> 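Below is a structure I'd like to ask you about.
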Amino acid sequence: MKHAFASTLKNFKTSSGVTGKFHSLPALAKQYPSVQRLPVSLRIVLEAVLRHCDGRKVTPEHVRQLAQWQPKGARTEEIPFVVARVVLQDFTGVPLLADLAAMRSEAARLGKNPEAIEPLVPVDLVVDHSIMVDYFGTKKALDLNMQLEFKRNQERYQFMKWGMQAFDTFRVVPPGFGIVHQVNLEYLAPGVHQRADGVFYPDTLVGTDSHTTMINGIGVVGWGVGGIEAEAAMLGQPVYILMPDVVGFELTGQLREGVTATDLVLTITERLRREKVVGQFVEFFGEGTQSLAVPDRATIGNMAPEYGATMGFFPVDEKTMDYFRGTGRSAGEIEAFEAYFRAQQLFGVPGRGEIDYSRVVSLDLGSVTPSLAGPKRPQDRIELGQVASQFTHLFSAPAALNGFNQAPELLKTRHLVQGEPDDAGMRQSRPTPEGAERQLEEMEANKPEPAVMHATAEVPTPAVHSGSDGVKFTIGHGDVLIAAITSCTNTSNPSVMLAAGLLAKKAVEAGLSVKPHIKTSLAPGSRLVTRYLTEAGLLPYLEKLGFALAGYGCTTCIGNAGDLTPEINAAIRQSDLVCAAVLSGNRNFEARIHPNLKANFLASPPLVVAYAIAGTVLTDLMTQPVGKGHGGRDIFLGDIWPSTQEIHALMKYAMNGEAFQENYHKVASEPGKLWEKIRGVSGAIYTWPESTYIAEPPFFAGFKLGIEQPVTTGLQPRNPYAVHAARIIALFGDSITTDHISPAGSIHPKSPAGEWLCDHGVQQADFNSYGSRRGNHEVMMRGTFANVRIKNLMLPPLADGAREEGGLTLYRDAAGHAHKMPIYDAAMQYQAEGRASVIFAGEEYGTGSSRDWAAKGTQLLGIRAVIARSFERIHRNNLVGMGVLPLQLRGDDTWSSLGLKGDEFIEVIPDPLLTPQSDAELCITRADGSQLRRTLTLRIDTPIEADYYRHGGILPYVLRQLLDT
């Protein structure tokens, strides 16, 4: 079939004379002049639509609609966006691989060719979510932590090895290389791709992690999706999105001395949350944008999920080329990249008035101040000088205002802790889960010795040595107990990492130290970070303060901080202490960092070091000393804060192209002895083992090639999508995150998941985490809504007015009597009765990570519908993709204003044709028999989503298409 826009196929030349072909947007602009003023990000999407216009999945009408995008137009059309590649991380990648394996098993059962299930675009899985900070504060921590990682995750890694040999386009970056987004930025992203026929096209992608948007910093259009949508993209389906609004964000001026890229991104996050950019593209432009280096841009792009946008996009320019040279891309790659974008007239950051945006937001970089964000949400920015006073205010503020609801007079409460000594008279660092030391003993005899925490640090006042009785010290409200330099968000940025190293150097030279009970760690997103810190002579100073290398992975940022000691945990619980973590990450949701740390603050790496030294967030670092140095002299933050000139003088160590090439060559040539020892099964079809890590998912149980359709009986259509006589299983407030719905961290032994593991012979020491067990639906469905901080408002208030926490609900029996039990247990009871259940929630339901298990677990619990004030983009999409109805309350309606208590019966009647964003009827039948009716909005937003839902979800939809073909 002749391409509908064959005339747009043109030639371009690189600076060395190489000729390539491309689908020219300037040529298309002759037919549609408005293309020239489209946002740069939309033009890149338009190129993909133009290139894939086949008259079937992508039609000339799709090209026309996008080419004639109106900045303030109605958003009713969907864009079929075919991406160039897909990136995965292991927590989300393993269940995706399990789904693909299950598809192949199902195909074989149906007598079809299982190898029809094959990714059609390159897929890279980077193992970064599995390592935990069990050992720290010692040069041996990395080796110890990786040994534990491979011990715990052997079955998962064997499964990945099977995937590598089973699928032609599936590649794995083994543990120990870094975090997926930083590896993507430094290594995986090619700039442009070239087809076998010589046609070049720009890099685009989706990833199974919400922070995939970090790649926006180098002009790549891409964002995070759930694993179920990523599978469809891998298997040839376009990613369907509603035509978006594009918000232009103009940056002017320059950052002031002492202000970091972290401070800038926290300011942007706060601003854009207020601007309500959920589901929209944000595109940065203006002179201030031109001045930002790529690592600064990547930091801002990374945090797009925190400000709610689909993307935080930066156009390609000279700074992008500098970054590609500095990270070791070949001359040919760089030439093709630049020549292509110049030929498309997409090179350079636009200035004011050059692009038509839906609206424009402006920020003067000179107005940005040093900041942290917290204690519970990344958008809650606090100026550095206000952190102590804000914590004091929130300490006694009600929970509804993000406070901790404590009596003000308790702020000075301190609790005596008795630690355990090691041979040097200091307490050992303790691995988690408990029993990790026993695991290590079972490993090879040449294992390193156990870690010693901060052997060089002074014993803190008022702690005292007590001989064989161990070390005594006190902890209190506001004390920093975890300080972590972690996360791709900031460790990808040499300016803030060098700043942290310089601050550590000045601090050590001034005689400052970190208290030994504070859990400190350094976990960069790339090996290159520790290389340039070493070459710059800064790593020893970080180690001296306890920030020794603990691993290359997400660690504390995703809840893999490892545990605190039992003594500290007991002290926190006994005195109900509000203690803190300070980390250079991107999220600080409740119970994410550590279940016992209620206050969590995001900060730049140098501020993480400063707060570790100060030991408490109640110190005002703008006016009070960080600590006492040599001779008892007060040392202030200004005394040790590095200058911009000092940082720039060391940047030469960070952007060394040969070092990048040498490092990433080892992905294939020297992946590490621990990885090489892993052996997986072979063959096109996976042999499902008896395992508590990997199990065949149940999503294709009863699969048939046909689907049920609405049929007309008399004058009334029979509606297979209606929900009748459902029970409410939860009433939630605002900002329920995917961490609340499907936690990634530790598994409590008394939780449904913990009890199931115990019943299957798994010791508590070997529980690992929810995130590591996402390949087993039995664990994950039991973990759904099991976050220890989630509050089901169906439960009555406690005696002191506080709300009970944990994944509990009130199950209603046939007589209507209430029984308190875990949400999982109640869901199983309702399913056994053949009764559906529903959830009601407030604003921003499903904010946070893209984890598909938040939707998969919801579906497996038998929850048919989620009715909320508003939804975050990825989770709403995932709910549809798993066959769960998302419905939105209208006007001023909330579940509270409707008088819901949880004892009602619920009926939901959507349009039987599933017309996108159509009316749905809600009928509430109260315990006294009275009824209330309301009209909801069906948040199935596009025709393709309606198709997914008719098929029972995106997975059976894609499988039917592949097997039919």
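Computed from a predicted model, the values in this text were never measured in an experiment.
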> What verdict does the salt bridge (Lys or Arg N to Asp or Glu O under 4.0 Å) test give for Arg876 and Asp941, after you've listed the backbone C-alpha separation in whole Å, the side-chain angles of each residue and the deciding distance to 0.1 Å?
CA-CA 10 Å; Arg876 183 207 62 79; Asp941 287 357; 3.4 Å; yes
> Are any side-chain N or O atoms of Glu904 and backbone N or O atoms of Gly902, one a donor and one an acceptor, separated by less than 3.5 Å?
yes
> Could you check whether Lys791 pairs with Glu804 (Lys NZ or Arg NE/NH1/NH2 to Asp/Glu carboxylate O, under 4.0 Å)?
no
> Got a donor-acceptor contact below 3.5 angstrom from the Asp739 side chain to the Glu590 backbone?
no
> Can you name the closest pair of heavy atoms from Leu885 and Pro910 and give their distance?
CD1-CG, 4.1 Å
> Specify the closest pair of heavy atoms between Phe732 and Trp895, including all atoms of both residues, with the distance to one decimal.
O-NE1, 2.8 Å
> How about Asp209 and Gln89: does a side-chain donor come under 3.5 Å of a side-chain acceptor?
yes
> For residues Phe281 and Phe249, establish whether the separation of their ring centroids is below 6.0 Å.
no
> Under a 3.5 Å cutoff, is there a donor and acceptor pairing between the side chains of Arg727 and Tyr830?
no
> Shortest non-hydrogen contact from Trp853 to Pro95?
NE1-CB, 3.7 Å
> Will you find, in the side chains of Thr269 and Glu306, an N or O donor that is under 3.5 Å from an N or O acceptor?
no
> Are Thr555 and Thr486 close enough that a side-chain donor and a side-chain acceptor fall under 3.5 Å?
yes
> Donor-acceptor pair, distance only, cut-off 3.5 Å: does the side chain of Thr847 make one with the backbone of Ser735?
no
> Looking at the rings of Phe785 and His740, which for Trp means the six-membered one, are their centres under 6.0 Å apart?
no
> Test Gln280 against every option in Arg359, Arg873, Met311 by the side-chain contact (heavy atoms from CB on, under 4.5 Å) rule and name the one that passes.
Arg359
> Taking the six-membered ring for Trp and the full ring for Phe, Tyr or His, determine whether the centres of Tyr949 and Tyr957 are under 6.0 Å apart.
no
> Could you list the donor-acceptor pairs under 3.5 angstrom formed between side-chain atoms of residues 861-870 and any protein atom two or more places apart in sequence or on another chain?
from   : atom 1 : to     : atom 2 : distance (Å)
Arg864 : NH2    : Ala722 : O      : 3.4
Arg869 : NE     : Glu843 : OE2    : 3.4
Arg869 : NH1    : Gly891 : O      : 2.6
Arg869 : NH1    : Asp893 : O      : 2.9
Arg869 : NH2    : Gly891 : O      : 3.4
Ser870 : OG     : Glu843 : OE1    : 2.7
Ser870 : OG     : Glu844 : N      : 2.8

> Quick one: does any side-chain atom of Thr809 pair with a main-chain N or O of Ala730 as donor and acceptor, under 3.5 Å?
no
> Assess, by modelled atom type and distance only, whether the side chains of Arg381 and Ser371 contain a donor and an acceptor separated by less than 3.5 Å.
yes
> Measuring from atom CD1 of Ile228 to atom OG1 of Thr92, what distance do you get when rounded to the nearest 0.5 angstrom?
12.0 Å
> Could you check whether Glu78 and Thr942, counting side-chain N and O atoms only, form a donor-acceptor pair closer than 3.5 Å?
yes
> Report yes or no: is the cationic atom of Lys376 (NZ for Lys, CZ for Arg) closer than 6.0 Å to the six-membered ring centre of Phe404, at no more than 45° off its axis?
yes
> Output the distance between atom CZ (Arg851) and atom OG1 (Thr737), rounded to the nearest 0.5 Å.
7.5 Å
> Assess the side chains of Asn560 and His129: does a donor N or O sit below 3.5 Å from an acceptor N or O?
no
> Looking at the rings of Phe81 and Trp223, which for Trp means the six-membered one, are their centres under 6.0 Å apart?
yes
> Do Gln931 and Thr925 get their side chains close enough for a donor-acceptor pair, meaning under 3.5 Å?
yes
> Please check if the side chain of Asn792 supplies one atom and the backbone of Leu731 the other of a donor-acceptor pair under 3.5 Å.
yes
> So does Met780 get a backbone contact from the side chain of Thr784, meaning a donor-acceptor N/O pair under 3.5 Å?
yes
> Are more than 12 heavy atoms, taken from residues, nucleotides or ligands other than Asp892, located less than 6.0 Å from that residue's CG atom?
no
> Between Asp99 and Lys856, is a salt bridge (Lys or Arg N to Asp or Glu O under 4.0 Å) present by the stated rule, with each step listed?
CA-CA 12 Å; Asp99 290 343; Lys856 287 179 174 177; 2.8 Å; yes
